[in-house]
Amino acid sequence: MPLAAGLSNRLLSSHPTVPTPVIFESEKPFYSSLFGFIKEDKGKPTGYYLFFYHQDRLYRVENRTAQFGGVQRGEEVLLPMRRGLWGAVWVIV
């Protein structure tokens with residue numbers, strides 16, 4: 001049931017994507033591998049965690065690439081957000 005609710009929230013929404021101002025906290029790389037790492041050789045990051053404040057709450061979003069390389073902590077950035085069919089909002093990265 002959660003899968004159906006999540007998919008219907010995103011796919012059946014008629015709301016537009018809106019660039020929303022948020023407060024940038026940090027962007028950190030993460031490493032993952034299906035079978036583990038050999039001799040601590042992590043190589044390139046698998047993805048990046050983007051931390052930001054929206055309406056006085058800290059959020060974490062996973063992304064494949066770094067988007068805010070030169071942005072300092074506390075600066076305002078715009079993220080594309082969209083409201084779903086059931087009212088939940090998500091970031092489009």
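- The salt bridge (charged side-chain N to carboxylate O under 4.0 Å, His left out) pairs that include a residue from residues 16-31 are Glu25-Arg73, where partners are two or more places apart or lie in different chains.
- Considering every non-hydrogen atom in both Leu78 and Phe68, the closest pair reads O-CZ, 4.3 Å.
- Listed by first then second residue, pairs satisfying salt bridge (charged side-chain N to carboxylate O under 4.0 Å, His left out) with a partner in residues 75-93 number zero, not counting sequence neighbours.
- Remark: Leu7 CG to Leu12 CG distance equals 9.0 Å, nearest 0.5 Å.
- Closest heavy-atom contact between Trp86 and Ser8: NE1-OG, 2.8 Å.
- Results of the side chain to side chain contact (heavy atoms under 4.5 Å, CB included) test with Phe52 over Thr20, Val77, Val91 single out Val91 as the only residue that passes.
- To the nearest 0.5 angstrom, Ile92 atom CD1 is 3.5 Å from Thr17 atom OG1.
- The two residues His54 and Tyr59 make their nearest non-hydrogen contact at O-CE1, 3.4 Å.
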Steps toward side-chain contact (heavy atoms from CB on, under 4.5 Å) verdict (Phe30, Thr46): CA-CA 6 Å; Phe30 66 89; Thr46 308; 4.2 Å; yes
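- Of all heavy-atom pairs between Ser13 and Leu85, the closest is CB-N, 3.7 Å.
- The hydrophobic cluster containing Tyr53 does not contain Met81, counting ILVMFWY residues as joined when their side-chain heavy atoms lie under 4.5 angstrom apart, directly or transitively.
- Here the shortest heavy-atom pairing between Phe24 and Gln72 reads CD2-O, 3.5 Å.
- The side chain to side chain donor-acceptor pair (under 3.5 Å) test applied to Ser26 returns no partner, not counting sequence neighbours.
- The distance from atom CD1 of Ile23 to atom CG of Leu58, rounded to the nearest 0.5 Å, is 12.0 Å.
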Verdict with reasoning, Leu79 to Val61, per side-chain contact (heavy atoms from CB on, under 4.5 Å): CA-CA 11 Å; Leu79 286 179; Val61 176; 5.8 Å; no
